[in-house]
K.L.:
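Structure incoming, see below.
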Amino acid sequence: MTEIQTETAPDAPRYNFRAAEPRWQLEWDRHGCFHVEDLPTDGKPKYYVLEMFPYPSGKIHMGHVRNYTLGDVVARYKRAQGFSVLHPMGWDAFGLPAENAARERGVHPAKWTFENIANMRVELQRMGLSLDWAREFATCEPGYYGQQQKLFLDFLAAGLVERKESWVNWDPVDGTVLANEQVIDGRGWRSGALVEKKLLSQWFFSITKYASDLLAALDRMDRWPERVRTMQKNWIGHSTGAQLHFPLVTPEAGIQQIEVYTTRPDTLFGMSFVALAPEHPIAAAIAARNPQAAAFVAECRQLGTSEAVIETAEKKGFDTGLRVAHPFLAGKTFPVWIANFVLMEYGTGAIFGCPAHDQRDIEFARKYGLEVTPVVLPPNGDPASFAVGNDAYVGPGTIYQSGFLDGLDVSEAKARAIAELEKLGVGRGVTNWRLRDWGVSRQRYWGCPIPVIHCPACGVQPVPADQLPVVLPDDVTFDKPGNPLDHHPTWKHVACPSCGAPARRETDTCDTFVDSSWYFARFCSPQASEPVNRAAADHWLPVDQYIGGIEHAILHLLYSRFFTRAMSATGSLAVDEPFDGLFTQGMVTHASFRGADGRWLYPEEVDIRADGSAVHRETGEAVTVGRVEAMSKSKRNTVDPGEIIARYGADTARWFILSDNPPDRDIEWTESGVAGAYRFTQRVYRLAEAGVGLTPGAEPDTFGPPALALRRTTHRAIAALTEALESFAFNVAVARLYELANAIAEGDRAAAEPGMAWARLEALSMLARLAGPMMPHLAEEVHALLHPGEPMVANLPWPKADPALVAADSVTIAVQVMGKLRGSVVVAPDATAETVISAAENEPNVARLLAGKRVVKRIHVPGRIVNFVIAA
RNA sequence: GCCCGCCUGGCGGAAUGGUAGACGCACCGGACUUAAAAUCCGGAGUCCUGUAGGGCGUGCCGGUUCGAGUCCGGCGGCGGGCACCA
């Protein structure tokens, strides 16, 4: 990539972003443009803009540039609209990578994290974001996580925290709990040992207590993307069905029956087997006496806890030899299998299999040669010939081969089957939730310590308020596997706060999702000596516009919604929903490159030739251009924002990332696109320089046609920008500014026309102010050039369009014959239907096509179209 | 596997059910220059053809409508999530 020359040449003066950007950043800071009080007294309406805060990995990446640019456009725009805007920034600073760095390089997680933060703060500041840096905090500071510990104890006191057992991925060689991403093909990423599932006693937040409310509120959240709401609905997974039991023909380990949950009681007559989760108590009982069953259960354990892995694994089962009776089919019995695809966490951990009408069941049945009995006949199906092959029929239909259910449709049959189960006393209608309680225990060092003490005599005791925060010890070692807090010689040994006897401090730390579930509330009063200052939170919450990646559509957002409710229940807040408006951005992608030896190459190692082929910059060897995909270190298809900003300036980076496509789609970072954005910054500056000396006098009485045309374009741009920024159509906003710039250039060529000087100055001034949210430094520079001594763009109100100049003076109406475009006519905006249709009929090409034909229908959509329908 | 999206010229994309391709990138032509770069001006979906007119065209197949990129059904490809990555 060639260095863009930025020196000022005598004949082509250029905008020097290297000098201008730091200068304006300093000016904004000096004037406190972006600072707001916890409890403002300016009387302005509030607007809280928040982007998902970053994990301090070391450097900002393009995803951050996109996220924070989007948020900054909103913040600057709303500020110009007269709002008092809260726009804070902080650090999601706990997490695994710091601990990995400690194990791999011997650097302490705190040192690693704070150095990363220091570096990334500078990078973010270079972007010229309108942030209130006075509110900055990192979640790994005791000032934050100590307050989080108070919330944990509030929740504990309110009955929203429980201790339960749950399965974890266990590395038997390292003796460590593994995150799902640390399990690769069933093995621990470091030890290579086969992973096992292990049952641990852990802390849980009772999010299921809010399941119904979390679901119902989604319908009211009309400023959230529909797809996010749908994903959350499905995740919460409210279902209605039946819980019923099948009596075991011979009891197993004292257990008489198997409890099953089903959403398809209508298909009970199509039953062919019962399947148990490998963790089911009956499966365990059989495994205890049957080595083959034990081997199968052990094999299932090696799948780990990831649902994606379990559900994509080949379906396997083990026939226990047990049989169950059927509630409706006297005398008939069915086999009981243990199956690797049945989840212990959902329903009762046991299912009845109806292969004809469930895809997983049919795959299982075909593999093991189990019965397949269709009981739902598709509409217009023939009962004599309808059969199920390898695809289950899950659509609507009529029940048949099902005794008393015959002839009912699916939903009628569900109700009827449940009524019968209740009558027989073997089952009942129930509602069920897919949502599980939120396990927050982590056996790791770099997280918020869970503030409880285990006393052999008194049980679990909360850490007393005067002993908070429970601070992480600095002197930990990472030389052996497992939790460093557990290995620490003294930290966990404390006196019981109740009886004073020797007790053990909890060594589990919180899931880092906890840290990010209330940071938005802490930003309202980051120095408060309680989790949040109620008055500040009441003023600023909810967040008016939250912006972040779609990858957080479920977990982070759902946990934050739960936390907000729990904080309200315990008196910290007065709102239920944290984020009034949500916008989810797409990923930043880039082409990937591979050398002849198959190794991935960084974009800066590659030269693209004019014919599109690629070669290695230094060796000249041919390079394979791979797919465009999400930037990732492993594919080396990353572009460093720091380098881009150094080379082209922050405004160019911001402008490109806004201009290229709609912000909710994936964007491809291209070098030519960035160069184009850079050229535009220079072009705007050149246009402004040509306008220096245009004096802002009184508005002239008359404008010649070219000046009037420029004024129309200017005012339409104001209207279009306002609409585009309101609706996150930032790429459209950019396009309108290009149009305005093109119109200004045209005006420059007609400089002598009446009123043109005034129109040009107006257009240039508006160009600067409208571009302000997107290219804030350039906007200030241009505005200062045209209006020396006047207030900064950052302090100016948003321009208002003159409706008279926005309104069209004529409209072009498309004319169709039989739905095909055959011409167009220009009419007055208020022309009557008669006038328009008459003009359309007289349009020469239309008249030719209509000649001798009988018009049976004339459709006129005012301002849009005329369509003639002619007889066949 | 399950849930949720996305798919429009060479490329990114625009388009309240109403003239598909605004705007930009790349490309081509012209001006300026000794020349190049930069800049400025202009061109262009594609095919037939005479710059008049017409055919085709928004992943594929079908439907609703006077009219479908847009709504509905099915299919394909790509991507996000799946509870310990953040």
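Per chain, numbering begins at 1; letters A, B, ... match sequence-line order.
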K.L.:
Report the nucleotide, chosen from B:U19, B:G13, B:A22, that has the shortest atom-to-atom distance to any side-chain atom of A:A814.
P.N.:
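Of the candidates, B:U19 comes closest.
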K.L.:
Quickly, which of A:E165, A:Q443, A:R442 forms a side chain to side chain donor-acceptor pair (under 3.5 Å) with A:Q202? Name it, please.
P.N.:
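Going through A:E165, A:Q443, A:R442 one by one, the side chain to side chain donor-acceptor pair (under 3.5 Å) with A:Q202 is satisfied by A:Q443 alone.
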K.L.:
Does the structure show a Watson-Crick or G-U wobble partner for B:C40, both distances under 3.5 Å? Name it, or say none.
P.N.:
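Paired with B:C40, as far as the under-3.5 Å criterion goes, is B:G30.
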K.L.:
Hey, does A:A553 reach any base, or is it just sugar-phosphate, or nothing, if we go heavy atoms under 4.0 Å?
P.N.:
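No contact.
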K.L.:
Quick check on B:C40: is either OP1 or OP2 less than 4.0 Å from any side-chain nitrogen or oxygen of A:R749?
P.N.:
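So the side chain of A:R749 is outside the cut-off, no N or O lying under 4.0 Å from OP1 or OP2 of B:C40.
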K.L.:
Please give the distance between the P atoms of B:C41 and B:G24 as a whole number of Å.
P.N.:
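11 Å, rounded to whole Å.
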K.L.:
Any base atoms under 4.0 Å from A:V734, or only sugar-phosphate, or nothing? Heavy atoms, all strands.
P.N.:
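Nothing, no nucleic acid heavy atom in range.
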K.L.:
Between A:R360 and B:G1, is there a side-chain N or O to OP1/OP2 distance below 4.0 Å?
P.N.:
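Checking B:G1 against A:R360, no side-chain N or O comes under 4.0 Å of OP1 or OP2.
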K.L.:
With a 4.0 Å cut-off on N to O distance, would you call A:E739 and A:R736 a salt bridge?
P.N.:
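Result for this pair is yes, salt bridge flagged.
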K.L.:
Take A:A308 and A:V228, find for each the nucleotide of RNA chain B with the closest heavy atom, and name the residue whose nucleotide sits nearer the 5' end.
P.N.:
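Closer to the 5' end of RNA chain B: A:V228.
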K.L.:
If the cut-off is 4.0 Å, is A:N731 near the phosphate of B:A22, judged by side-chain N/O to OP1 or OP2?
P.N.:
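No, A:N731 has no side-chain N/O under 4.0 Å of OP1/OP2 on B:A22.
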K.L.:
Give A:L435 one of three labels, base, sugar-phosphate or nothing, depending on what nucleic acid heavy atoms sit under 4.0 Å from its own.
P.N.:
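Base, at least one base atom sits under 4.0 Å.
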K.L.:
Which part of the nucleic acid, if any, lies within contact of A:P662, taking any heavy atom under 4.0 Å across all strands shown: a base, the sugar-phosphate backbone alone, or nothing?
P.N.:
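Since only primed, P, OP1 and OP2 atoms lie under 4.0 Å of A:P662, the category is sugar-phosphate.
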K.L.:
Which part of the nucleic acid does A:V869 contact within heavy-atom distance under 4.0 Å: base, sugar-phosphate only, or nothing?
P.N.:
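Counting heavy atoms under 4.0 Å across all strands, the contact made by A:V869 is with sugar-phosphate only.
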K.L.:
When rounded to the nearest Å, what value does the distance between P atoms of B:U51 and B:G57 take?
P.N.:
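After rounding to an integer number of Å, I get 23 Å for this pair.
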K.L.:
Taking atom types as they are modelled, is there a donor-acceptor pair under 3.5 Å from the base of B:C66 to the side chain of A:N867?
P.N.:
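Counting by modelled atom types and ignoring angles, a donor-acceptor contact under 3.5 Å is found here.
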K.L.:
For the pair A:R360 and A:E311, find out whether any cationic side-chain nitrogen is under 4.0 Å from an anionic carboxylate oxygen.
P.N.:
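Yes, A:R360 and A:E311 are salt-bridged.
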K.L.:
Specify whether A:F680 and A:W655 have parallel, tilted or perpendicular ring planes, treating 30° as the upper limit for parallel and 60° as the lower limit for perpendicular.
P.N.:
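Judged by the thresholds at 30° and 60°, the geometry between A:F680 and A:W655 is parallel.
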K.L.:
Please report the distance separating the C1' of B:C66 from the corresponding atom of B:G10, rounded so that it comes out in whole Å.
P.N.:
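To the nearest whole Å, 36 Å.
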K.L.:
Scan every strand shown for a Watson-Crick or G-U wobble partner of B:G9, both distances under 3.5 Å, and answer none if you come up empty.
P.N.:
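Its partner is none (no Watson-Crick or G-U wobble pair with both distances under 3.5 Å).
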K.L.:
Across the strands shown, which category fits A:E668 at heavy-atom distances under 4.0 angstrom: base, sugar-phosphate, nothing?
P.N.:
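Touches nothing.
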K.L.:
Once you apply the 3.5 Å cut-off to both distances, tell me the Watson-Crick or G-U wobble partner of B:U19, or none.
P.N.:
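Paired with B:U19, as far as the under-3.5 Å criterion goes, is no nucleotide at all.
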K.L.:
Is there a side-chain contact between A:T230 and the phosphate of B:C4, meaning an N or O under 4.0 Å from OP1 or OP2?
P.N.:
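No.
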K.L.:
Less than 6.0 Å separating the ring centroids of A:F205 and A:Y559?
P.N.:
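No, they do not, as the ring centres are separated by 6.0 Å or more.
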K.L.:
Of the listed nucleotides (B:U19, B:G54, B:C41), which one gets closest to any side-chain atom of A:T812?
P.N.:
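Minimum distance to the A:T812 side chain belongs to B:U19.
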K.L.:
Of all the nucleotides listed (B:C23, B:C4, B:C40), which has the minimum atom distance to the side chain of A:A735?
P.N.:
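In terms of side-chain proximity for A:A735, the closest of B:C23, B:C4, B:C40 is B:C23.
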K.L.:
Examine B:A83: is either OP1 or OP2 under 4.0 Å from a nitrogen or oxygen in the side chain of A:N180? Give yes or no.
P.N.:
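Looking at the OP1 and OP2 atoms of B:A83, one of them is under 4.0 Å from a side-chain N or O of A:N180.
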K.L.:
My understanding is that a pair needs two contacts under 3.5 Å, Watson-Crick or G-U wobble. By that rule, which nucleotide pairs with B:G1?
P.N.:
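B:C82 - that is the nucleotide pairing with B:G1, both distances being under 3.5 Å.
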K.L.:
Would you say B:C25 has OP1 or OP2 under 4.0 Å from some side-chain N or O of A:R679?
P.N.:
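True: A:R679 side-chain N/O within range (under 4.0 Å) of B:C25 OP1/OP2.
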K.L.:
Once you apply the 3.5 Å cut-off to both distances, tell me the Watson-Crick or G-U wobble partner of B:U64, or none.
P.N.:
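Paired with no nucleotide.
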K.L.:
What contact category does A:E723 fall into here, base, sugar-phosphate, or nothing, at under 4.0 angstrom with non-hydrogen atoms?
P.N.:
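No contact at all - A:E723 keeps every heavy atom at 4.0 Å or more from the nucleic acid.
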K.L.:
Reckon A:W438 touches a base, only the sugar-phosphate, or nothing at all at heavy-atom distances under 4.0 Å?
P.N.:
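The answer is nothing, as A:W438 stays clear of every strand by at least 4.0 Å.
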K.L.:
How many whole angstroms separate atom CZ of A:F656 from atom P of B:G13?
P.N.:
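Interatomic distance, CZ of A:F656 to P of B:G13: 10 Å.
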K.L.:
Describe the nucleic acid contact of A:F868 in one word from base, sugar-phosphate, nothing, applying a heavy-atom distance below 4.0 Å.
P.N.:
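No contact.
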K.L.:
Given B:C2, is OP1 or OP2 found less than 4.0 Å from the side-chain N or O atoms of A:N234?
P.N.:
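So the side-chain polar atoms of A:N234 never come under 4.0 Å of the phosphate oxygens OP1 or OP2 of B:C2.
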K.L.:
Using a heavy-atom cut-off of 4.0 Å across all strands, would you classify A:S824 as base, sugar-phosphate, or nothing?
P.N.:
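Since no nucleic acid heavy atom lies under 4.0 Å of A:S824, the category is nothing.
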K.L.:
Under 4.0 Å from OP1 or OP2 of B:C78: is there any side-chain N or O of A:R665 that close?
P.N.:
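So the side chain of A:R665 is outside the cut-off, no N or O lying under 4.0 Å from OP1 or OP2 of B:C78.
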K.L.:
Nearest to the side chain of A:R436, which nucleotide is it out of B:A83, B:C84, B:C41?
P.N.:
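Selected nucleotide (nearest to the side chain): B:A83.
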K.L.:
Between A:R822 and B:G54, is there a contact of a side-chain N or O with OP1 or OP2 at under 4.0 Å?
P.N.:
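It does, given that an N or O in the side chain of A:R822 lies less than 4.0 Å from OP1 or OP2 of B:G54.
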K.L.:
Closest approach to the side chain of A:E307, judged atom by atom: which nucleotide of B:C82, B:C25, B:C41 is it?
P.N.:
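Selected nucleotide (nearest to the side chain): B:C82.
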K.L.:
Around atom CD of A:E746, are there more than 12 heavy atoms from other residues, nucleotides or ligands closer than 6.0 Å?
P.N.:
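Not buried by this count: 12 neighbours or fewer within 6.0 Å.
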K.L.:
Does A:K164 NZ have over 12 foreign heavy atoms under 6.0 Å away?
P.N.:
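Buried by this count: over 12 neighbours within 6.0 Å.
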K.L.:
So which nucleotide does B:A35 pair with, by the Watson-Crick or G-U wobble rule with both distances under 3.5 Å?
P.N.:
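For B:A35, the partner nucleotide comes out as none, under the 3.5 Å rule.
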K.L.:
In the strands shown, is B:G69 matched to any nucleotide by a Watson-Crick or G-U wobble pair with both distances under 3.5 Å, and which?
P.N.:
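For B:G69, the partner nucleotide comes out as none, under the 3.5 Å rule.
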K.L.:
Please evaluate the base of B:C84 for a donor-acceptor partner in the side chain of A:Q443 within a cut-off of under 3.5 Å?
P.N.:
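Looking at the base of B:C84, it does pair with a donor or acceptor on the side chain of A:Q443 (distance under 3.5 Å).
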K.L.:
Mind checking if A:T312 touches a base, just sugar-phosphate, or nothing, with heavy atoms under 4.0 Å?
P.N.:
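Base contact - A:T312 has a heavy atom under 4.0 Å of at least one base atom.
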K.L.:
Of the listed nucleotides (B:G24, B:A20, B:A86), which one gets closest to any side-chain atom of A:N742?
P.N.:
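Of the options given, the side chain of A:N742 lies nearest B:G24.
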K.L.:
Using the side-chain heavy atoms of A:M587, tell me which of these nucleotides is nearest: B:G18, B:G80, B:C23.
P.N.:
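My answer, after comparing the listed nucleotides, is B:G80.
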K.L.:
Using the C1' atom as the reference point in each nucleotide, state the distance between B:C48 and B:G67 in Å, no decimals.
P.N.:
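Rounded to whole Å, the distance is 26 Å.
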K.L.:
Using a heavy-atom cut-off of 4.0 Å across all strands, would you classify A:R434 as base, sugar-phosphate, or nothing?
P.N.:
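Answer is base: heavy atoms of A:R434 come under 4.0 Å of a base.
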K.L.:
Rounding to an integer number of angstrom, what distance separates B:C75 and B:G1 when you compare their P atoms?
P.N.:
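Taking atom P in both B:C75 and B:G1, they lie 13 Å apart.
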K.L.:
Which of these nucleotides, B:A86, B:A22, B:G80, is closest to any side-chain atom of A:L555?
P.N.:
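The answer is B:A86.
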K.L.:
Looking at B:C56, B:U39, B:A86, which one has an atom nearest to any side-chain atom of A:K820?
P.N.:
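Looking only at side-chain atoms, A:K820 lies closest to B:C56.
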K.L.:
Side-chain N or O of A:R227 versus OP1/OP2 of B:C6: is the shortest distance under 4.0 Å?
P.N.:
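No.
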K.L.:
Tell me what A:I554 touches on the nucleic acid: a base, only sugar-phosphate, or nothing, going by heavy atoms under 4.0 Å.
P.N.:
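Sugar-phosphate contact only.
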K.L.:
At under 4.0 Å between heavy atoms, what does A:S516 touch on the DNA or RNA strands: base, sugar-phosphate, or nothing?
P.N.:
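No contact.
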K.L.:
Between A:R686 and A:E689, does any side-chain N to carboxylate O distance fall below 4.0 Å?
P.N.:
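Here A:R686 does not pair with A:E689 in a salt bridge, since their nearest N and O are not under 4.0 Å apart.
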K.L.:
For B:A15 versus B:C28, give the span between their C1' atoms, rounded off to a whole number of Å.
P.N.:
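Here B:A15 and B:C28 have their C1' atoms 27 Å from each other.
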K.L.:
For nucleotides B:G77 and B:G59, find the distance between their C1' atoms and express it as a whole number of Å.
P.N.:
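That atom pair is separated by 8 Å.
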K.L.:
Which whole number of Å gives the distance between the C1' atom of B:G29 and that of B:A44?
P.N.:
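Roughly 11 Å separates the two C1' atoms.
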K.L.:
Given B:A83, B:A86, B:C84, identify the nucleotide with an atom nearest to the side chain of A:H552.
P.N.:
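The nucleotide sitting nearest to the side chain is B:A86.
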K.L.:
Which heavy atom of A:F53 sits nearest to which heavy atom of A:G90, and what is that distance?
P.N.:
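Heavy atoms only, the tightest pair is CB-O, 3.5 Å.
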K.L.:
Which nucleotide, in any strand shown, forms a Watson-Crick or G-U wobble pair with B:U49, with both distances under 3.5 Å?
P.N.:
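The base-pairing partner of B:U49, which may sit in any strand shown, does not exist here.
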